[in-house]
Each structure stands twice: as structure tokens, then as C-alpha cells.
Asks: 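Have a look at this one before I ask anything.
This is a predicted model, so every value here is computed, not measured.
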Amino acid sequence: MRWESRRRARRLLVQALYQQQLAGSDADEILAQFRQREEYRRSDSEFFTELLRNITARRDELDAEISAASDIPVERIDPVERAVLWTALAEMKGRGTSRAVVINEAIELARQFGADHGYRFVNAVLDRWARANPPDEPDPEAEHAD
């Protein structure tokens, strides 16, 4: 199912972005490493690649958006939660996926990989961001069930 391959891609993306923060690898190095994983082959690899490149290119812009919606300076945010926030914001800003789906997926990723109550922080930041950035006209072609 498509939603399962998207979920796998989001999970891998959070891992890749976490690794990128720690190692300083560029998108091409990360892609080369992740393409060798079995889970990558079972994920929506096009979705993974698109978001990884988008996030890597727009990291400063995404950090500014996180800063506007967070009480914690972006450089002090846990790397896992920061990766989850980057993933969610990039998807909400560019993919047409339902915001409710993206936020729910982000909360689950933060529960799975983040600190004990990191999911609450992720939920609060994404909720503030969504209220401050209402969606444009609803797109009838939007992917609502991802």
C-alpha cells in the first residue's frame, strides 16, 4: 500500500536527517548509504529523495519557521525532534498531503525515535505553525490519505 511505503520513507528520512546533523554528510552521501538498506527498497524512494533534497536545500528557511513556532531556540532542539519537524514542514509546504496526516505521522515518529515527551513538543510546534500558516485554497488533487 502507498501509505505504508510513505510511512517507511518518513521513518528513514528522520533517521537520515538525524545522521546528517551528526555527521555533516550531504544529501548525495546520505542517499548512497540509504539506497543500500532493505527498508529503502520497500519505501517510497522518490518521496524520500525529494524531501531529503528539499530539506537539505531549505534548512535555514525551515529552521526559521520552527523558530517562529517554538519557545526553544532551534539550535537547542533535540536532533531527532528537529529532523521530525523538518520532515513534517517540508511535506506540508510542498506535497499537498493532508496536514492532519502529516502531523499525526510526525507525532508517531517523535514517539518512536525522540525523547520521552518529545512528541508533545513536536505536536505543539506543528500546531502553532499550522494555525499561523493557513493552507491556500484546498487542492482537489491533494493526497489526503497518505
Asks: Side chains of Lys93 and Leu62, heavy atoms from C-beta outward: is any pair under 4.5 Å?
Replies: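 Side chain of Lys93 against side chain of Leu62, heavy atoms only: contact under 4.5 Å found.
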Asks: Are Glu39 and Arg11 packed together at the side-chain level, in the sense that at least one heavy-atom pair is separated by less than 4.5 angstrom?
Replies: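 Touching, per the 4.5 Å side-chain cut-off.
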Asks: Using residues 68-75 as the side-chain source, report each donor-acceptor pair under 3.5 Å to any protein atom, sequence neighbours left out, with the distance given to one decimal.
Replies:
| residue | atom | partner | partner atom | Å |
| --- | --- | --- | --- | --- |
| Ser70 | OG | Ile72 | N | 2.9 |
| Ser70 | OG | Ile72 | O | 3.1 |

Asks: Taking the side chain as every heavy atom from C-beta outward, state whether Trp86 and Gln21 have any atom pair closer than 4.5 Å.
Replies: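 SC-SC contact between Trp86 and Gln21 confirmed.
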Asks: Does Phe121 have any ring pair (Phe, Tyr, Trp, His ring centres under 6.0 Å) partners at least two apart in sequence or in another chain, and if so, which?
Replies: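 For Phe121 there are no ring pair (Phe, Tyr, Trp, His ring centres under 6.0 Å) partners, ignoring immediate neighbours.
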Asks: Apply side chain to side chain contact (heavy atoms under 4.5 Å, CB included) to Val101 and Glu91, showing your working.
Replies: CA-CA 10 Å; Val101 169; Glu91 187 173 0; 5.9 Å; no
Asks: Assess the residue pair Asp63 and Arg59 against the criterion (salt bridge (charged side-chain N to carboxylate O under 4.0 Å, His left out)); give the C-alpha distance rounded to whole Å, side-chain angles, the decisive distance to 0.1 Å, and a yes or no.
Replies: CA-CA 6 Å; Asp63 279 345; Arg59 189 168 290 166; 5.9 Å; no
Asks: Going by the rule side chain to side chain donor-acceptor pair (under 3.5 Å), which residues pair with Arg35 if we only count those two or more places apart in sequence or in a different chain?
Replies: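 Partners of Arg35 under the side chain to side chain donor-acceptor pair (under 3.5 Å) test: none.
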Asks: Counting C-beta onward and ignoring hydrogens, is there a side-chain heavy-atom pair between Leu89 and Ile66 closer than 4.5 Å?
Replies: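 Of all side-chain heavy-atom pairs linking Ile66 with Leu89, at least one is under 4.5 Å.
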Asks: Do Arg99 and Leu126 come close enough that some side-chain heavy atom pair is under 4.5 Å?
Replies: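 SC-SC contact between Arg99 and Leu126 ruled out.
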Asks: If the condition is salt bridge (Lys or Arg N to Asp or Glu O under 4.0 Å), which residues does Arg41 pass it with, not counting sequence neighbours?
Replies: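 If we apply the salt bridge (Lys or Arg N to Asp or Glu O under 4.0 Å) test to Arg41, skipping adjacent residues, the hits are Glu38.
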Asks: Under the rule for side chain to side chain donor-acceptor pair (under 3.5 Å), what residues qualify as partners of Gln33, not counting sequence neighbours?
Replies: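 Per chain and number, Gln33 pairs via side chain to side chain donor-acceptor pair (under 3.5 Å) with Gln19.
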Asks: Measuring only between side-chain heavy atoms, which start at C-beta, is Arg82 closer than 4.5 Å to Leu17?
Replies: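 Result no, sub-4.5 Å side-chain heavy-atom pair not found.
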Asks: Just to verify, what does Arg42 make a side chain to side chain donor-acceptor pair (under 3.5 Å) with, not counting sequence neighbours?
Replies: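 Here no residue qualifies.
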Asks: Applying the salt bridge (Lys or Arg N to Asp or Glu O under 4.0 Å) criterion to Glu105, which one of Arg8, Arg10, Arg6 satisfies it?
Replies: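 It is Arg10, the one option of Arg8, Arg10, Arg6 that forms the salt bridge (Lys or Arg N to Asp or Glu O under 4.0 Å) with Glu105.
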Asks: State which residues pass side-chain contact (heavy atoms from CB on, under 4.5 Å) with Ala9; sequence neighbours excluded, sorted by chain then number.
Replies: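 Applying side-chain contact (heavy atoms from CB on, under 4.5 Å) to Ala9 gives Ser43, Asp44, Phe47, Phe48.
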Asks: So, taking the atom named CG in Leu13 and the one named CD1 in Ile55, what distance separates them when rounded to the nearest 0.5 Å?
Replies: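 Answer for the CG-CD1 pair, Leu13 versus Ile55, is 4.5 Å.
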Asks: Are any non-hydrogen side-chain atoms of Gln20 and Leu52 less than 4.5 angstrom apart?
Replies: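 Gln20 vs Leu52: side chains touch.
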Asks: Going by ring pair (Phe, Tyr, Trp, His ring centres under 6.0 Å), name the residues that satisfy it together with Tyr18, two or more places apart in sequence or in a different chain.
Replies: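 Applying ring pair (Phe, Tyr, Trp, His ring centres under 6.0 Å) to Tyr18 gives none.
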Asks: Got a list of side-chain donor-acceptor pairs under 3.5 Å for residues 107-120, not counting sequence neighbours?
Replies:
| residue | atom | partner | partner atom | Å |
| --- | --- | --- | --- | --- |
| Glu108 | OE2 | Arg111 | NH1 | 3.4 |

Asks: Strictly by salt bridge (Lys or Arg N to Asp or Glu O under 4.0 Å), give each pair with a member in residues 12-34 just once, sequence neighbours left out.
Replies: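 For residues 12-34, and leaving out neighbouring residues, the salt bridge (Lys or Arg N to Asp or Glu O under 4.0 Å) pairs sorted by first residue read Asp28-Arg53.
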Asks: Please enumerate all residues that pass salt bridge (Lys or Arg N to Asp or Glu O under 4.0 Å) together with Asp78, with sequence neighbours excluded.
Replies: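 None.
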Asks: Taking only residues two or more places apart in sequence or in another chain, which ones pass side chain to side chain donor-acceptor pair (under 3.5 Å) with Asn133?
Replies: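 Partners of Asn133 under the side chain to side chain donor-acceptor pair (under 3.5 Å) test: none.
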Asks: Taking the side chain as every heavy atom from C-beta outward, state whether Phe34 and Thr49 have any pair of such atoms under 4.5 Å apart.
Replies: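 Phe34 vs Thr49: side chains apart.
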